[in-house]
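These notes concern the structure reproduced below.
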Amino acid sequence: IAEKKPELANMGLRLKKLGNRIQEIIGGGRPIHPINLCIGGFGKIPEKHELLALKNELEMAVNDGIKAVAFFSKIDTFPVDEPQYFSALKPVGSRFSFYGEKICVSENSSSGNENKVEEFEISDYKKVCQEDVIQHSNAKHSLYNGKPFMTGALARVMMFGDLLYGRSKEALDMTEITGNPLCNNLAQAIELVYASQRCIEIIDELLDMQMENEALPVFQSGKCRGTSALEVPRGTLYHHYEFDENGKNIRTDIITPTAINISSMEMGVRGIVESHRQGVSSDMDTASTEVKIGMLLRAYDPCISCSVH
């Protein structure tokens, strides 16, 4: 891409740099593994001039996101085995969001199934993510009703894309998106537009609040348990913790989006390889098969370390 479309490569690097910059300002001085978050708030609040500078960059990022949607819309896809189900948190209110208080599971309507939606409490996440240890991998596989399911940008846009607004709605309307996993990168580009415009809204809210540094609330550790979930770029992330009467962590359960998607990824790869073996398409030689497998895996955007949680 750097050789053939240098302007596109520069745009991608600019967006990545902006993401790092947001983490540094909000997260505490470094681009990964933020240290500024504390129980009940933040150790340090951002300065007004930092927020204003971010806002200017984010306005450019909205336009860059629109260009990314246009680019990914032109990439040809091919038929692959699609997951039967999508899963995402149901946004609170009437607008698209990465936060929710219910887990929703929907039939993949593009595969010809009736679009049924089931809802679960976040504390019942194990009813959705039915994990199993398999012989050929160190990663657990998550199934829903015995079938692989997909989480991530494509699931969110397919299930709740009608709640997008502003420029992100414009981004959705300028393309066609289906339940084919290869459309996940396109869905990510649409969400990039949404995330940038939402960041601008949050900055405006913070500037209107006249923020001041405040003392963090005092909390008392003790016996308790809790489960939470959040939509992150790769999909729904689940955390469960239990503490004893001394405040010591006695049980932790983390299910990452990659761990959820790995079963769907394997299903898709097996389908491509089987098509190659059967000679369904004359152009499916070994090299083109490898390219298609690579395209599918990158569309899911897996995290190597997360896959072995």
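Just so you know, residue 1 is the first one in the sequence shown, and it goes up from there.
- Two residues are said to be in side-chain contact when any heavy atoms from C-beta on lie closer than 4.5 Å; P148 and Q84 fail this criterion.
- Between Y144 and the options Y85, F86, Y125, a ring-ring contact (aromatic ring centres under 6.0 Å, His included) holds for only Y85.
- Using a 4.5 Å heavy-atom cutoff, the side chains of I262 and P302 are not in contact.
- Counting only heavy atoms from C-beta outward, the side chains of N184 and Y300 never approach each other to under 4.5 Å.
- Between the side chains of E82 and N108, at least one donor N or O lies within less than 3.5 Å of an accepting N or O.
- The main-chain N or O of E47 is found under 3.5 Å from a side-chain atom of E50 such that the two form a donor-acceptor pair.
- Close placement of the Y241 and H239 rings is indicated, their centers lying within 6.0 Å of each other.
- A donor-acceptor pair shorter than 3.5 Å cannot be found between the side chains of N261 and S264.
- By the 4.5 Å heavy-atom criterion applied to side chains, L237 and P257 are counted as neighbours.
- Following chains of ILVMFWY side-chain contacts shorter than 4.5 Å, one cannot reach V92 starting from V105, and the two form parts of different hydrophobic clusters.
- Between the side chain of N36 and the backbone N or O of K44, at least one donor-acceptor pair lies under 3.5 Å.
- Judged by the 6.0 Å and 45° rule, K248 forms no cation-pi pair with F243.
- Between the CD1 atom in I200 and the CD atom in E59 there is a gap of 5.0 Å [rounded to 0.5 Å].
- A donor-acceptor contact closer than 3.5 angstrom links the side chains of Q188 and N185.
- Note on V232: it does not cluster hydrophobically with I32, by side-chain heavy-atom contacts below 4.5 Å among ILVMFWY residues.
- Inter-residue side-chain proximity for C129 and I260 is flagged as met; some heavy-atom pair is nearer than 4.5 Å.
- A pairwise comparison of heavy atoms in M211 and L51 identifies CE-CD1, 3.9 Å as the closest pair.
- F78 and M150 fall within a single hydrophobic cluster, where Ile, Leu, Val, Met, Phe, Trp and Tyr side chains are chained together by heavy-atom contacts under 4.5 Å.
- Under the 3.5 Å distance criterion, the side-chain polar atoms of D124 are left unmatched by any main-chain donor or acceptor of F120.
- A distance-only check finds a donor-acceptor pair linking the side chain of S196 to the backbone of L192 [under 3.5 Å].
- Closest non-hydrogen pair, V69 versus L186, comes out as O-CD1, 3.7 Å.
- How far OG of S87 is from CD of E118: 11.0 Å, rounded to the nearest 0.5 Å.
- When the options Y165, F160, Y194 are evaluated for a ring-ring contact (aromatic ring centres under 6.0 Å, His included) with F96, the one that passes is Y194.
- By the neighbour-count criterion of 12 heavy atoms within 6.0 Å, atom CD of E176 is sparsely surrounded, having that number or fewer from other residues, nucleotides or ligands.
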Verdict with reasoning, S228 to I122, per side-chain contact (heavy atoms from CB on, under 4.5 Å):
CA-CA 7 Å; S228 186; I122 290 176; 5.5 Å; no

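- At most 12 non-hydrogen atoms from other residues, nucleotides or ligands lie less than 6.0 angstrom from CZ of R21.
- In this structure, Y99 places its OH atom where only 12 or fewer heavy-atom neighbours from other residues, nucleotides or ligands lie under 6.0 Å away.
- Residues M11 and L18 share a single hydrophobic cluster, defined by chaining ILVMFWY side chains whose heavy atoms lie under 4.5 Å apart.
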Test side-chain contact (heavy atoms from CB on, under 4.5 Å) on M60 and N56; report intermediate values, then the result.
CA-CA 7 Å; M60 181 182 293; N56 289 334; over 6 Å; no

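- Between S168 and Q197 the shortest side-chain heavy-atom distance falls below 4.5 Å.
- Of the possible donor and acceptor atoms, one in the side chain of E231 sits under 3.5 Å from a partner among the backbone N and O of L89.
- A salt bridge (Lys or Arg N to Asp or Glu O under 4.0 Å) with E121 is found for one member of K126, K102, K127 and no other, namely K102.
- N10 contributes atom CG, which lies 11.0 Å from atom CG of L15 (distance to the nearest 0.5 angstrom).
- In this structure, CZ on R156 lies 10.0 Å from OG on S97, to the nearest 0.5 angstrom.
- Environment of CD1 in I1: sparse, with no more than 12 heavy atoms of neighbouring residues, nucleotides or ligands closer than 6.0 Å.
- Judged by distance alone, the side chains of Q130 and S142 never bring a donor and an acceptor atom under 3.5 Å apart.
- The two atoms that bring P46 and I25 nearest to each other are CB-CG2, 3.7 Å, heavy atoms only.
- R30 places a side-chain N or O within donor-acceptor distance of the main-chain N or O of H33, the cut-off being under 3.5 Å.
- Here the CZ-CG distance, from R225 to N249, works out to 12.5 Å after rounding to the nearest 0.5 Å.
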Working for side-chain contact (heavy atoms from CB on, under 4.5 Å), residues T252 and H240
CA-CA 6 Å; T252 295; H240 174 85; over 6 Å; no

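- Taking a cutoff of 4.0 Å between a charged side-chain nitrogen and a carboxylate oxygen, R14 and E57 do not qualify as a salt bridge.
- One finds the NZ atom of K140 at 4.5 Å from the CD atom of E131 (value rounded to the nearest 0.5 Å).
- When atom types are taken as modelled, the side chain of T258 and the backbone of C303 share a donor-acceptor pair closer than 3.5 angstrom.
- Side-chain contact check for I103 versus Y238: some heavy-atom pair is nearer than 4.5 Å.
- Looking only at distances, no side-chain donor or acceptor of D301 sits under 3.5 Å from a matching main-chain atom of R234.
- Put simply, the side chain of D244 never gets that close to the backbone of K223: no donor and acceptor are under 3.5 Å apart.
- A salt bridge between E119 and K90 is present, with a side-chain N of the basic residue lying under 4.0 Å from a carboxylate O of the acidic one.
- Listed here is the closest heavy atom pair of L172 and I190: CD1-CD1, 3.9 Å.
- For the residue pair K292 and I272, the shortest heavy atom distance occurs at O-CD1, 3.8 Å.
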Would E290 and I293 count as a side-chain contact (heavy atoms from CB on, under 4.5 Å) here? Give the steps.
CA-CA 5 Å; E290 291 176 351; I293 290 173; 5.6 Å; no

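- V291 is connected to F72 through a chain of hydrophobic side-chain contacts under 4.5 Å among Ile, Leu, Val, Met, Phe, Trp and Tyr, so both are in one cluster.
- Checked for salt-bridge contact, D204 and K55 meet the test: a charged N lies under 4.0 Å from a carboxylate O.
- Nearest heavy atoms, L163 versus S94: CD2-O, 3.5 Å.
- Between the side chains of T236 and T151, at least one donor N or O sits under 3.5 Å from an acceptor N or O.
- Under 4.0 Å is where a charged nitrogen must lie from a carboxylate oxygen, and between D162 and K169 no such pair does.
- At least one side-chain heavy atom of L296 sits less than 4.5 Å from a side-chain heavy atom of P181.
- Residues H276 and E274 bring no donor and acceptor atom of their side chains to less than 3.5 Å of each other.
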